[in-house]
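What you see below is based on every heavy atom in this structure, not just the backbone, and it leaves out hydrogens, waters and symmetry mates. When a residue number appears, it is its place in the shown sequence, counting from 1.
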Amino acid sequence: LADQYTQNIAFGVSGKYITEESNEFGSGDDFTLDVGLLLRFGKRFKIGIVGYNLTDPSSRSFSRKLQGGVAIELYDFIKLAADGAKLYSDNYSSSDSYSSSDINYNLGVEFSLDKAFALRGGYSEEKLYANRYVSGGVGWISSNTIIEYTYYNGLNDKSDNRHILS
């Protein structure tokens with residue numbers, strides 16, 4: 001559920017029911033909530049913050065997370081974005097490479113062509129699994145449909161590549 005309260009403020013809440021079966025993390029069912037806020041400052045600058053899994057489900061793969069980001073539209077056809085995320089969980093053992101002070105971050109750029117096509121590039125660093133990625137993608141945007149393809153290339157593990165179509 002989301003609503004735009006003013007021209008510059010939007011708020012949303014989403015519930016999730018999770019069923020998990022994993023050899024690594026165990027099995028179980030859980031319910032959790034995500035909550036987000038978007039603030040617009042003028043036409044070209046935005047700040048967002050979202051809390052994921054706020055009920056802190058017992059699942060290790062769905063830990064509580066706080067994420068914030070900024071986006072700026074330099075021109076009508078160039079957007080820059082950066083965000084950071086911090087996991088909050090007691091579900092990690094001291095043998096994990098993740099530290100409670102670690103922050104995952106993403107940097108990205110988007111070039112819009114004729115407001116219907118987008119070319120994207122980015123960099124991501126995931127501290128939990130010590131992964132770094134570069135990515136590239138394309139998107140097609142219409143008034144009621146968005147189709148996107150993204151390719152992630154693992155920098156630490158060359159066999160860690162992802163193809164995402166949404």
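If you chain together hydrophobic residues whose side chains sit under 4.5 Å apart, V70 and L80 fall into the same group. Under the 4.5 Å side-chain heavy-atom criterion for ILVMFWY residues, no single connected hydrophobic cluster contains both V109 and Y105. By the criterion of side-chain heavy atoms lying less than 4.5 angstrom apart, applied directly or through intervening Ile, Leu, Val, Met, Phe, Trp or Tyr residues, I49 is grouped together with F41 in one hydrophobic cluster. Under a hydrophobic clustering in which Ile, Leu, Val, Met, Phe, Trp and Tyr are joined whenever their side-chain heavy atoms come within less than 4.5 Å, directly or via other members, L37 and V13 fall into the same cluster. Using a 4.5 Å cut-off between side-chain heavy atoms of Ile, Leu, Val, Met, Phe, Trp and Tyr, with links allowed through other members, I147 and V138 fall into the same hydrophobic cluster.
For the atom pair CD1 of I141 and CG of L113, the computed distance is 9.5 Å after rounding to the nearest 0.5 Å. Separating the CD atom in E73 from the NZ atom in K43 is a distance of 6.5 Å, to the nearest 0.5 Å. For the atom pair CZ of F45 and CG of L74, the computed distance is 11.5 Å after rounding to the nearest 0.5 Å. Distance check, rounded to the nearest 0.5 Å: CG of L119 to OG of S112 gives 8.5 Å. Note that the CG atom of L54 and the CG atom of L66 stand 8.5 Å from one another [nearest 0.5 Å]. In this structure, CG in L87 is found 12.5 Å from NZ in K127, a value given to the nearest 0.5 Å.
Residues D76 and R44 form a side-chain contact, since some pair of their non-hydrogen atoms from C-beta on lies under 4.5 Å apart. The shortest distance between side-chain heavy atoms of T145 and W140 falls below 4.5 Å. The shortest side-chain heavy-atom distance between N161 and Y151 falls under the 4.5 Å cut-off.
The hydrophobic cluster containing Y52 also includes V50, under a criterion of side-chain heavy atoms closer than 4.5 Å among ILVMFWY residues, counted directly or through chains of members. Grouping Ile, Leu, Val, Met, Phe, Trp and Tyr by side-chain contacts under 4.5 Å, direct or through others, leaves L38 on its own.
Across T150 and S135, no two heavy atoms sit closer than the pair CG2-CB, 4.3 Å. Minimum interatomic distance between G15 and L33 (heavy atoms only, all atoms of both residues): CA-CD2, 3.8 Å.
Judged as a ring pair (Phe, Tyr, Trp, His ring centres under 6.0 Å), and not counting sequence neighbours, the contacts of Y75 are F77. Looking at residues two or more places apart in sequence or on another chain, you find a side-chain hydrogen bond (donor to acceptor under 3.5 Å, both in side chains) between S124 and N106. Remark: D34 pairs with K16 by the salt bridge (Lys or Arg N to Asp or Glu O under 4.0 Å) rule, at least two apart or across chains. Partners of F11 by ring pair (Phe, Tyr, Trp, His ring centres under 6.0 Å), not counting sequence neighbours: none found. In terms of the side-chain hydrogen bond (donor to acceptor under 3.5 Å, both in side chains) criterion, T6 has no residue partners (sequence neighbours excluded). D114 is linked by a side-chain hydrogen bond (donor to acceptor under 3.5 Å, both in side chains) to nothing, counting only residues two or more places apart in sequence or in another chain. A search for salt bridge (Lys or Arg N to Asp or Glu O under 4.0 Å) contacts involving K79 returns E110, not counting sequence neighbours. Partners of R132 under the salt bridge (Lys or Arg N to Asp or Glu O under 4.0 Å) rule, at least two apart in sequence or in another chain, do not exist in this structure. Listed by chain and residue number, N131, D160, R162 satisfy the side-chain hydrogen bond (donor to acceptor under 3.5 Å, both in side chains) test with Y133 (two or more places apart in sequence, or in another chain).
The closest donor-acceptor contact from the side chain of N8 to the backbone of L39 lies at 3.5 Å or more, if one exists at all.
Side-chain polar atoms of Q67 and D83 form a donor-acceptor pair below 3.5 angstrom. No donor-acceptor contact under 3.5 angstrom links the side chains of H163 and Y152, judged on distance only.
Sorted by first and then second residue, the pairs that involve residues 137-149 and meet salt bridge (Lys or Arg N to Asp or Glu O under 4.0 Å), not counting sequence neighbours, are R120-E148.
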